[in-house]
Amino acid sequence: MTNKPSDNESLKNEHAEGLPSEWSELWNSPDDEAPGPEEVQDKLRTRKHYQRWKTRLELVAVLLGVIFTIGLLLQSTPSISIVVLCVFCWLVWGTSLWAKWQLSRTERRALTSAPAKFVQTLRKFTENRTRMIQKGRYMLVAAGVFCAVWVSWFVSENWVAYQQEPWRAVVGIGGVIVFYLLAIYLQRREQKRLQADLEGLEQLERRLAANERE
Amino acid sequence: MSMDADKQSGQDVQALLAEWTPAVRRVAASYVAGDEREDLSQDILLGVWESLPNFREESSMRTFIYRIAHNRAIDFVRKRSNQPSTLAADHPTNELASGAPPADRVAEARCKKRRLVAAVRQLRLSWRQPLTMALDGLSYTEIAEILDISETNVGVRIHRARQRLKDVLETQETS
């Protein structure tokens with residue numbers, strides 16, 4: 001009984017016979033270009049350190065932004081434009097942090113699954129993100145309509161003051177327009193990136209499935 | 001006490017990573033070459049490090065690490081190369097172009113290894129993965145578990161990969 005190889009063992013022998021031993025020897029031969037273990041560990045530590053600092057910096061930046069906007073709201077009686085601007089900023093920052101956290105959580109979980117499942121999970125996640133970004137576009141359109149109505153009303157209300165000091169209108173309305181255009185640009189850029197990512201993942205998934213069938 | 005435990009655990013992780021570095025580098029070499037290989041190897045090791053808390057011992061450490069390695073590699077190639085098709089289909093390249101004849105036996109072996117690795121990189125992913133794992137000495141059962149396919153399927157893929165690899169290397173030798 002002890003001499004009889006297990007099924008596993010016989011399979012191992014079978015595949016060991018199947019592949020030329022020269023290939024196995026070459027494949028497993030020492031790697032001349034390999035850096036030493038200490039160098040590898042140093043590089044890894046540096047990368048991990050850098051990643052941690054990057055995350056911390058992002059969190060601190062958002063935190064500072066939130067403190068600043070809360071300060072804006074608390075300092076004096078805020079105008080409706082300031083309130084809208086602050087809420088919009090919180091939404092964008094919150095969504096961005098949430099998306100990053102979700103991506104790293106999904107990737108970490110999927111990383112230990114089989115490769116085909118990993119690609120599928122990434123594809124589904126990217127699909128959901130693309131849908132979310134598309135919904136964000138409707139939000140932007142709604143915000144644009146709101147801004148247009150509000151700016152028209154505000155200008156008509158303060159028409160006399162703006163005639164005396166036109167630079168106030170230029171700075172105020174111009175600021176709103178620049179902010180809005182920037183939001184549109186960022187949204188479009190993210191949508192394009194996600195779309196390309198999704199297409200690549202779908203293509204990869206299709207090809208892998210086709211390979212399975214062959 | 002807690003600091004000692006942290007230090008010990010840190011040393012364990014470092015030892016584990018050092019132990020698996022050669023295997024990780026071989027996986028990386030089957031996807032990309034040159035500087036990208038170094039980047040990918042580090043990416044994989046970092047992935048292993050970060051995923052260690054998720055290791056539940058339901059599978060072996062080997063299965064765990066090979067899955068992370070191949071998944072990270074797929075993600076790396078997908079993001080960097082913008083040519084995901086190179087992952088799924090055979091893609092002949094001119095990497096195998098022969099240079100000057102090697103000066104001695106060591107140089108000859110190095111040259112042969114480089115050609116083998118380059119030829120492996122040309123294989124489609126579904127053949128390349130089981131073949132490289134078999135070359136690493138993994139059993140059909142382990143490969144099947146990592147890829148979540150049947151052992152028969154593993155056998156078929158390795159057989160096809162072997163044929164294709166032979167063709168590529170023979171073509172190279174005759175040219």
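Note on naming: letters A, B, ... go to the chains in the order of the sequence lines (proteins, then strands), and numbering restarts at 1 for each one.
- For CZ of A:Arg189, the number of neighbouring non-hydrogen atoms (other residues, nucleotides, ligands) closer than 6.0 Å is 12 at most.
- Residues A:Trp23 and B:Lys166 form a side-chain contact, since some pair of their non-hydrogen atoms from C-beta on lies under 4.5 Å apart.
- Looking at B:Arg25, the atoms closer than 4.5 Å to chain A (heavy atoms on both sides) all sit in the side chain, from C-beta outward.
- Interatomic distance, CG of B:Leu135 versus CG of A:Leu26, reported as 9.5 Å (0.5 Å rounding).
- In terms of heavy-atom proximity, A:Pro30 sits nearest to B:Lys113 at O-NZ, 3.8 Å.
- In this structure, chain B has no heavy atom under 4.5 Å from any part of A:Glu25.
- Put simply, of B:His70, B:Arg157, B:Glu145, the one with the most heavy-atom pairs under 4.5 Å next to chain A is B:Arg157.
- A salt bridge does not link A:Lys43 to B:Glu38: none of the charged side-chain nitrogens sits closer than 4.0 Å to a carboxylate oxygen.
- Heavy atoms from other residues, nucleotides or ligands lying under 6.0 Å from CZ of A:Phe146 number more than 12.
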Checklist line | Intermediate values then yes/no, side chain to side chain contact (heavy atoms under 4.5 Å, CB included), A:Leu208 and B:Leu125 | finding: CA-CA 8 Å; A:Leu208 287 176; B:Leu125 189 65; 3.8 Å; yes
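- Proximity to chain A (any heavy atom under 4.5 Å) is restricted, for B:Leu17, to the side chain, taken from C-beta onward.
- Listed in order of number, the residues of residues 111-121 of chain A that approach chain B to under 4.5 Å between heavy atoms are A:Leu111, A:Thr112, A:Ser113, A:Ala114, A:Pro115, A:Phe118, A:Val119.
- Of all non-hydrogen atoms in A:Trp27 and B:Leu116, the two that sit nearest each other are N-CD2, 4.1 Å.
- Contact of B:Val120 with chain A is made through the side chain alone, with heavy-atom distances under 4.5 Å.
- In this structure, A:Lys48 satisfies the cation-pi test against B:Trp49, with its NZ or CZ atom closer than 6.0 Å to the six-membered ring centre and inside 45 degrees of the ring normal.
- Between B:Arg78 and A:Asp197 there is a salt bridge, with a side-chain nitrogen of the basic residue lying less than 4.0 Å from a carboxylate oxygen of the acidic one.
- Within the 4.5 Å cutoff, side-chain heavy atoms of A:Arg108 are placed close to those of B:Asn54.
- Contacts between B:Asp136 and chain A at a heavy-atom distance below 4.5 Å involve backbone atoms as well as side-chain atoms.
- Annotation for A:Arg45: atom CZ counts as buried by contact number, over 12 foreign heavy atoms lying within 6.0 Å.
- The candidate from B:Leu45, B:Thr63, B:Ile65, B:Leu131 with the greatest count of non-hydrogen atom pairs under 4.5 Å with chain A is B:Leu45.
- Taking 4.5 Å as the heavy-atom cut-off, the residues of residues 95-107 of chain A that approach chain B are A:Glu107, ordered by number.
- For B:Gln129, the part lying under 4.5 angstrom from a heavy atom of chain A is the side chain only.
- Neither the backbone nor the side chain of A:Ala196 comes within contact range of chain B, judged by heavy atoms closer than 4.5 Å.
- Chain A forms the most heavy-atom pairs under 4.5 Å with one residue out of B:Lys112, B:Arg37, B:His159, B:Gln42, and that residue is B:Gln42.
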